[in-house]
J.: 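Before I ask anything, here is the structure I am working with.
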Amino acid sequence: QVRLVESGGGLVQPGGSLRLSCTASGSIFSLYDMGWHRQAPGQQRELVAGITSGGTITYGDSVKGRFTISRDNAKKMVTLQMNNLKPEDTAVYYCNQRLRGSSTGFWGQGTQVTVSS
């Protein structure tokens with residue numbers, strides 16, 4: 001029933017910007033914690049940014065000051081604004097939806113972000 005659809009990935013030069021969006025369906029969106037995670041080849045998936053149902057925001061250390069997460073409950077959408085992108089930001093970015101206390105969450109299909117000159 002739950003579906004997360006991501007958009008906004010692509011190829012960008014170092015120092016450039018991208019905006020990722022994730023739209024949810026099949027859930028009461030406002031009740032869920034939302035997050036963006038990324039995974040580079042050969043590496044573990046890591047948290048990029050998260051925003052709880054109450055609006056509390058968490059960023060990974062590597063993206064603080066460069067990325068901004070926000071949510072629009074009316075649109076059932078979470079957005080990740082990425083500025084001053086670096087080659088090490090290259091990864092597949094996944095949208096996640098989780099009800100606090102649940103052992104599992106829901107994931108989007110992932111969108112590729114490539115930062116290269």
J.: For residues 20-33, tabulate all N or O donor-acceptor pairs below 3.5 Å that involve a side-chain atom, not counting sequence neighbours.
T.:
{"unit_1": "Ser27", "atom_1": "OG", "unit_2": "Gln97", "atom_2": "NE2", "d": "3.1"}
{"unit_1": "Asp33", "atom_1": "OD1", "unit_2": "Ser53", "atom_2": "N", "d": "2.9"}

J.: Which pair of heavy atoms, one from Asn96 and one from His37, lies closest together, and at what distance?
T.: CB-CD2, 3.9 Å
J.: Write out all pairs satisfying side-chain hydrogen bond (donor to acceptor under 3.5 Å, both in side chains) with one or both partners inside residues 73-82, taking only residues at least two apart or from two chains.
T.: Arg71-Asn73, Gln81-Asn83
J.: Restricting to non-hydrogen atoms, name the atom on Ser117 and the atom on Pro14 that form the minimum distance, rounded to 0.1 Å.
T.: N-CD, 3.7 Å
J.: Let me check something: do Val115 and Val63 share a hydrophobic cluster, defined by ILVMFWY side-chain heavy atoms less than 4.5 Å apart, either directly or through other members?
T.: yes
J.: Please enumerate all residues that pass salt bridge (Lys or Arg N to Asp or Glu O under 4.0 Å) together with Arg66, with sequence neighbours excluded.
T.: Asp89
J.: Starting from Leu80, can I reach Tyr94 by hopping between I/L/V/M/F/W/Y residues whose side chains sit under 4.5 Å apart?
T.: no
J.: Please answer: with hydrophobic residues joined when any side-chain heavy atoms are less than 4.5 Å apart, are Leu47 and Tyr93 in the same cluster?
T.: no
J.: Within a strict 4.5 Å, meaning less than it, do heavy atoms of the Val78 and Cys95 side chains meet?
T.: yes
J.: Ignoring hydrogens and angles, tell me if any N or O in the side chain of Gln39 forms a donor-acceptor pair with the backbone of Gln44 under 3.5 Å.
T.: no
J.: Cation over ring, Arg98 on Trp107, under 6.0 Å and within 45°?
T.: no
J.: For Ile69, which of Thr58, Ile57, Val48 qualifies under side-chain contact (heavy atoms from CB on, under 4.5 Å)?
T.: Ile57
J.: Establish whether Phe67 and Met34 are linked, either directly or via other cluster members, by ILVMFWY side-chain heavy-atom contacts under 4.5 Å.
T.: yes
J.: Taking all non-hydrogen atoms of both residues into account, name the closest pair between Asn84 and Ser17 and its distance.
T.: N-OG, 4.2 Å
J.: Rounded at 0.5 Å granularity, tell me how far CE in Met82 sits from CH2 in Trp36.
T.: 8.0 Å
J.: Under a 3.5 Å threshold, yes or no: a donor from one side chain and an acceptor from the other, between Ser62 and Arg38?
T.: yes
J.: Does CZ in Arg19 sit with more than 12 non-hydrogen atoms of other residues, nucleotides or ligands closer than 6.0 Å?
T.: no
J.: Can Val113 be reached from Val92 by stepping across I, L, V, M, F, W or Y side chains whose heavy atoms are under 4.5 Å apart?
T.: no
J.: Main chain of Gln109, side chain of Glu6: is a donor-acceptor contact present, judged purely on distance under 3.5 Å?
T.: yes
J.: Could you report the tightest heavy-atom contact between Tyr59 and Lys64, atom names first, then the distance?
T.: O-CE, 3.4 Å
J.: Is it the case that more than 12 heavy atoms not belonging to Glu88 sit under 6.0 Å from its CD atom?
T.: yes
J.: In sequence, state the C-alpha distance, the side-chain angles, and the governing distance for Arg100 and Thr52, and then conclude on side-chain contact (heavy atoms from CB on, under 4.5 Å).
T.: CA-CA 9 Å; Arg100 189 169 182 84; Thr52 69; 5.8 Å; no
